Amino acid sequence: MKFSTKEDIEAPIEDAFALFTDFDQFERSALRRGGDVQRTDKLRQNGAGMSWAAQFKLRGKMRKIAAEMTEFTAPENYCLEMQGNDIVAFATLDLMPLSKSRTRASMAIELKPKSLSGRLMVQTLRLGKTRLDNRFKAKAADFVRVLEREYKSRTAGV
């Protein structure tokens, strides 16, 4: 099952990629929302091989996932593989410059079941696919607007 969307961001591709790869900020954001995220690799800079262990509460149950950056090509794209008990998810980001100051971000998440309970979960999600698609697109648009505001605040003083 796949969710995807495209959003334009008012930032050059290099700056947009820097915003989308501010993983320290994402970790802090998850902690503020009650999740627990630990970086598990020893890399000194962003790249393929980065990994995290995370746990969070979803629908009343603690969930644990392991995430690893499988592809990382600055400033164009990255792919993140996330493994849970029942599902494997692949999150991808592709950036394409539209002009010197505008970039199109294509974001996608694909879910694949690993077990019978994972299949049941994905099948249940399929029943509400249209609603979930709309929710994914709205959350992605909100996320891009937050990144855009961050970019504008960083460059306002320059």
Side-chain angles (χ1 to χ4, degrees), residues 1-56 58 63-84 87-114 118 122 125 129-158:
M1 184 163 155
K2 189 171 184 177
F3 301 96
S4 63
T5 189
K6 293 178 183 175
E7 289 291 328
D8 293 350
I9 183 168
E10 287 289 333
I13 190 169
E14 292 82 8
D15 294 321
F17 192 76
L19 291 166
F20 276 105
T21 56
D22 188 354
F23 299 114
D24 291 336
Q25 174 67 27
F26 299 151
E27 290 172 25
R28 287 190 299 274
S29 178
L31 290 171
R32 281 193 303 271
R33 289 180 170 85
D36 181 31
V37 180
Q38 300 293 320
R39 182 95 179 253
T40 57
D41 65 87
K42 301 288 186 220
L43 297 176
R44 295 176 190 234
Q45 62 186 31
N46 291 346
M50 296 172 67
S51 59
W52 298 265
Q55 64 180 18
F56 52 93
L58 180 67
R63 313 285 177 161
K64 293 182 181 183
I65 62 168
E68 181 179 355
M69 185 71 63
T70 57
E71 292 178 34
F72 192 92
T73 309
E76 291 94 24
N77 67 353
Y78 67 75
C79 182
L80 188 65
E81 181 179 332
M82 296 166 280
Q83 301 244 359
I87 292 182
V88 177
F90 301 93
T92 57
L93 169 75
D94 291 303
L95 298 178
M96 182 177 70
L98 298 176
S99 69
K100 280 187 160 190
S101 63
R102 194 166 181 81
T103 303
R104 175 155 298 151
S106 300
M107 297 165 274
I109 295 178
E110 185 173 3
L111 304 174
K112 293 185 177 185
K114 292 184 352 183
V122 170
L125 292 174
K129 177 86 164 83
T130 303
R131 184 178 50 84
L132 291 172
D133 266 336
N134 292 335
R135 195 168 165 197
F136 177 75
K137 289 174 182 177
K139 291 287 186 184
D142 290 346
F143 179 65
V144 166
R145 298 295 78 85
V146 167
L147 293 181
E148 211 168 53
R149 283 195 301 275
E150 175 69 22
Y151 170 71
K152 288 178 181 176
S153 71
R154 286 181 186 179
T155 58
V158 176

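Worth saying up front: this structure is predicted, and the values here are computed from it rather than measured.
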Using a 3.5 Å cut-off and no angle test, enumerate the donor-acceptor pairs between side-chain atoms of residues 46-56 and protein atoms at least two apart in sequence or in another chain.
residue: Asn46; atom: ND2; partner: Thr21; partner atom: O; Å: 2.9
residue: Ser51; atom: OG; partner: Thr40; partner atom: OG1; Å: 2.6
residue: Trp52; atom: NE1; partner: Glu27; partner atom: OE2; Å: 2.7

* **Arg154 vs Leu19, side chain to side chain contact (heavy atoms under 4.5 Å, CB included): CA-CA, chis, key distance, verdict** => CA-CA 11 Å; Arg154 286 181 186 179; Leu19 291 166; 3.7 Å; yes

* ring pair (Phe, Tyr, Trp, His ring centres under 6.0 Å) between Phe143 and Phe136: does it pass, once the steps are laid out? -> CA-CA 10 Å; Phe143 179 65; Phe136 177 75; over 10 Å; no

* Report the C-alpha distance between Ile13 and Asp15 in whole Å, list the side-chain angles of each, state the deciding distance to 0.1 Å, and finish with yes or no for side chain to side chain contact (heavy atoms under 4.5 Å, CB included). => CA-CA 5 Å; Ile13 190 169; Asp15 294 321; over 6 Å; no

* To do: Let me see the working for Arg104 and Asp8 under side chain to side chain contact (heavy atoms under 4.5 Å, CB included), right down to the final yes or no.
  => CA-CA 4 Å; Arg104 175 155 298 151; Asp8 293 350; 2.7 Å; yes

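Contacts classified as salt bridge (charged side-chain N to carboxylate O under 4.0 Å, His left out) and involving residues 131-140 (residues at least two apart or in different chains) are given here: Lys129-Asp133.
Taking CE of Met82 as the start and OG1 of Thr70 as the end, the distance is 10.0 Å to the nearest 0.5 Å. Distance check: Thr92 OG1 to Glu71 CD gives 9.0 Å after rounding to the nearest 0.5 Å. Remark: Phe20 CZ to Leu147 CG distance equals 5.0 Å, nearest 0.5 Å. One distance of note links CZ of Arg149 with OG of Ser153; it measures 9.5 Å at 0.5 Å rounding. We find the CZ-CE distance between Phe23 and Met69 to be 3.5 Å, quoted to the nearest 0.5 Å. The line from CD of Glu150 to CZ of Arg145 is 14.5 Å long, rounded to the nearest 0.5 Å.
Distance alone, capped at 3.5 Å, places no donor-acceptor pair between the Ser4 side chain and the Ala108 backbone. The backbone N or O of Ile9 sits nowhere less than 3.5 Å from a side-chain atom of Tyr151 that would complete a donor-acceptor pair.
For Gly84 against Ile65, the heavy-atom pair with the smallest separation is CA-CG2, 4.2 Å. In terms of heavy atoms, Asp36 sits closest to Gln38 at OD1-NE2, 3.2 Å. In this structure, Ala11 and Thr103 approach most closely via the heavy-atom pair O-OG1, 2.7 Å.
Contacts of Phe72 classified as ring pair (Phe, Tyr, Trp, His ring centres under 6.0 Å), with partners at least two apart in sequence or in another chain: Phe17.
The only option from Glu68, Lys64, Lys114 that meets the side chain to side chain contact (heavy atoms under 4.5 Å, CB included) definition with Gln83 turns out to be Lys114.
Side-chain contact check for Leu95 versus Tyr78: every heavy-atom pair is 4.5 Å or farther apart.
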